[in-house]
Peer 1: 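Encoded as structure tokens, here's the structure I'll be asking about.
All figures in this text were calculated on a predicted structure; none of them were measured in a lab. Numbered from 1 within each chain, the chains take letters A, B, ... in sequence-line order.
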Number of protein chains: 2
Amino acid sequence: MDAYISFADRLRALQQHSSFENCPVRQVMQGIFGKWSTLLLLALSERPYRFGELRRLVPDISQRMLTQTLRDLERDGHVYRKVYATKPPSVEYGLTALGTSMLTPLNDLVVWAGDNFAAVESARKRFDAGAEA
Amino acid sequence: MDAYISFADRLRALQQHSSFENCPVRQVMQGIFGKWSTLLLLALSERPYRFGELRRLVPDISQRMLTQTLRDLERDGHVYRKVYATKPPSVEYGLTALGTSMLTPLNDLVVWAGDNFAAVESARKRFDAGAEA
DNA sequence: ATGGGTGGTTCCCTCGAGGTAACTATAGGC
DNA sequence: GCCTATAGTTACCTCGAGGGAACCACCCAT
């Protein structure tokens, strides 16, 4: 049976691995929360995409960062990279099993952020207004 | 009824707000994924803590960053700050209702990271080994 | 009067994420 | 000959998150 594990217990478990400084959980999390990582993971959750498709889908990202972010995601095992030997070689990116397994918790958090960003924004305004008073 | 909304639909909804560049969802997410933010949120999920207690609980964090991270979390409405007029004034930090509502999805993701960091690490080793070959 | 415990602030520095632009090679279309 | 598309790489720069150390004001205990 999976016993319920409290947040605090998780915290203590985290600490035992090493210092908090280079906690393995954080290393995994930082791979997911680069500026573009979450966005690309959500995009690839729909279906595999080719490099150029992703560029057009997310026009704000630079070509350099798209390559680099995809490489990082590939390195961490979240994304696979498949090269097709067509005349101008084309490349397909998609989620691995590991990446797919992350999708549910990741999406839940994105949903939460989507549901609550208005509350966060108003909290910021309140805070900033009170600061100058 | 809450209809199921696909990841791809979420993506498109995100895009409509503005560019991906300064997406409100990302602004909320970035407030949660500073180097120490998640750790402090999980700590405060157990019970409210005082400043000095948090310092001792997370010895790796510098005093400067502890103050700043708590301020940022307070500004975003995740954390409250309560000053007690004791002789050396003491300060208590705790989760707000908003912060508490985030706890479940946040913790799910941390749990996922805890369950899968070994897979990520071995993926990295495989990738790095293949790169030099 | 000295040291320690409250909870900070201020200054300065480093390091790396991310951005910009130019360049690569190949092939097809006009 | 020139522009397009494929998918990158390389060099250079900026900016801000985070770190380190010192300082502040108050009070207590020894």
Side-chain angles (χ1 to χ4, degrees), chain A residues 19-23 26-40 43-44 48-76 79-94 127 131-132, chain B residues 19-23 26-40 43-44 48-76 79-94 127 131-132:
Chain A
S19 65
F20 285 125
E21 181 65 36
N22 40 357
C23 164
R26 179 157 51 191
Q27 302 205 354
V28 173
M29 303 272 282
Q30 291 201 329
I32 304 174
F33 292 104
K35 184 167 183 184
W36 303 105
S37 315
T38 306
L39 204 49
L40 292 177
L44 294 178
Y49 275 95
R50 295 196 17 216
F51 187 86
E53 288 180 309
L54 288 172
R55 278 213 73 177
R56 270 161 277 152
L57 190 63
V58 189
D60 293 336
I61 196 173
S62 69
Q63 196 168 3
R64 199 184 85 87
M65 285 314 297
L66 180 54
T67 304
Q68 184 177 310
T69 305
L70 288 169
R71 281 288 183 292
D72 291 345
L73 291 175
E74 185 196 0
R75 189 173 103 100
D76 283 11
V79 158
Y80 69 84
R81 178 175 184 271
K82 194 171 179 182
V83 181
Y84 292 96
T86 55
K87 295 317 167 63
S90 64
V91 181
E92 176 191 288
Y93 292 93
F127 185 90
E132 61 191 52
Chain B
S19 66
F20 285 125
E21 180 65 37
N22 39 356
C23 165
R26 179 157 49 190
Q27 301 206 354
V28 173
M29 304 271 282
Q30 293 202 330
I32 303 174
F33 292 103
K35 182 167 183 185
W36 303 105
S37 315
T38 305
L39 203 51
L40 292 177
L44 294 178
Y49 275 96
R50 295 196 17 212
F51 187 86
E53 288 180 311
L54 289 172
R55 278 213 75 175
R56 270 162 276 149
L57 190 63
V58 189
D60 292 336
I61 195 174
S62 68
Q63 197 167 3
R64 199 184 86 86
M65 286 314 296
L66 180 54
T67 304
Q68 183 178 311
T69 305
L70 288 170
R71 280 290 184 290
D72 291 345
L73 291 175
E74 184 196 0
R75 190 173 103 100
D76 282 10
V79 158
Y80 69 84
R81 179 175 183 271
K82 194 171 179 181
V83 181
Y84 291 96
T86 55
K87 297 317 169 63
S90 65
V91 181
E92 176 190 288
Y93 292 92
F127 185 90
E132 62 192 54

Peer 1: Quick one: which protein N/O atoms are closer than 3.5 Å to N/O atoms of nucleotides 20-23 of chain D? Pair and distance per line, please.
Peer 2:
| from | atom 1 | to | atom 2 | distance (Å) |
| --- | --- | --- | --- | --- |
| D:dG20 | O6 | B:R64 | NE | 3.1 |

Peer 1: Please report the distance, rounded to the nearest Å, between CD1 in B:I32 and P in D:dA17.
Peer 2: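 Value for this atom pair: 16 Å.
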Peer 1: How close do B:T86 and B:S90 get, heavy atom to heavy atom, and via which atoms?
Peer 2: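 Where B:T86 meets B:S90 most closely, the heavy atoms are OG1-N, 3.3 Å.
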Peer 1: May I have the distance from B:W36 (atom CH2) to D:dA17 (atom C1'), rounded to whole angstrom?
Peer 2: 13 Å
Peer 1: Identify the pairs formed between an N or O of the protein and an N or O of nucleotides 2-6 of chain D at a distance under 3.5 Å, and give each distance.
Peer 2:
| from | atom 1 | to | atom 2 | distance (Å) |
| --- | --- | --- | --- | --- |
| D:dT6 | OP1 | A:R56 | NH2 | 2.8 |
| D:dT6 | O3' | A:R50 | NH2 | 3.2 |

Peer 1: Roughly how many Å is it from CZ in B:R71 to C1' in D:dA17, rounded to a whole number?
Peer 2: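 B:R71 atom CZ is separated from D:dA17 atom C1' by 18 Å.
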Peer 1: Could you check how far CG of B:L66 sits from C1' of D:dG19, rounded to whole Å?
Peer 2: 14 Å
Peer 1: Is it true that a side-chain atom of B:R26 and a backbone atom of B:E21 form a donor plus acceptor pair closer than 3.5 Å?
Peer 2: yes
Peer 1: Any idea which heavy atoms bring B:F20 and A:V58 closest together, and the distance?
Peer 2: CD1-CG1, 3.8 Å
Peer 1: Whole angstrom is fine here: how far is it from CD in B:Q68 over to P in D:dA17?
Peer 2: 7 Å
Peer 1: Testing the basics here: between A:A43 and A:L54, what is the closest heavy-atom pair and its distance to 0.1 Å?
Peer 2: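 For A:A43 and A:L54, the tightest heavy-atom pair comes out as CB-CD2, 4.4 Å.
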Peer 1: Looking across every strand, which nucleic acid part, if any, lies under 4.0 Å from A:Y84 by heavy atom: base, sugar-phosphate, or nothing?
Peer 2: nothing
Peer 1: Rounded at 0.5 Å granularity, tell me how far CG in B:L57 sits from CG in B:L39.
Peer 2: 7.5 Å
Peer 1: Separation of A:K82 atom NZ from D:dA7 atom P, in whole Å?
Peer 2: 15 Å
Peer 1: Would you say B:F33 and A:Q30 make side-chain contact, with heavy atoms under 4.5 Å?
Peer 2: no
Peer 1: Please lay out, stage by stage, how B:R71 and B:Q68 fare under the test side chain to side chain contact (heavy atoms under 4.5 Å, CB included).
Peer 2: CA-CA 5 Å; B:R71 280 290 184 290; B:Q68 183 178 311; 5.6 Å; no
Peer 1: Looking at A:I32 and A:T38, what are the two nearest heavy atoms and their distance?
Peer 2: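 Taking every non-hydrogen atom into account, O-OG1, 3.0 Å.
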Peer 1: Rounded to the nearest 0.5 Å, what's the gap from CG on A:L40 to NZ on A:K35? Could you check?
Peer 2: 12.5 Å
Peer 1: Applying side chain to side chain contact (heavy atoms under 4.5 Å, CB included) between B:W36 and each of B:D72, B:L73, B:T69, report the one that passes.
Peer 2: B:T69
Peer 1: How would you label the contact of B:F33 with the nucleic acid (heavy atoms, under 4.0 Å): base, sugar-phosphate, or nothing?
Peer 2: nothing
Peer 1: Begin from the C-alpha positions of B:L70 and B:F51 and carry the test side chain to side chain contact (heavy atoms under 4.5 Å, CB included) through to its verdict.
Peer 2: CA-CA 9 Å; B:L70 288 170; B:F51 187 86; 4.1 Å; yes
Peer 1: Mind checking which nucleotides bracket the chain A contacts on DNA chain C, 5' to 3', with an atom under 4.0 Å from a heavy atom?
Peer 2: C:dG18 to C:dT20
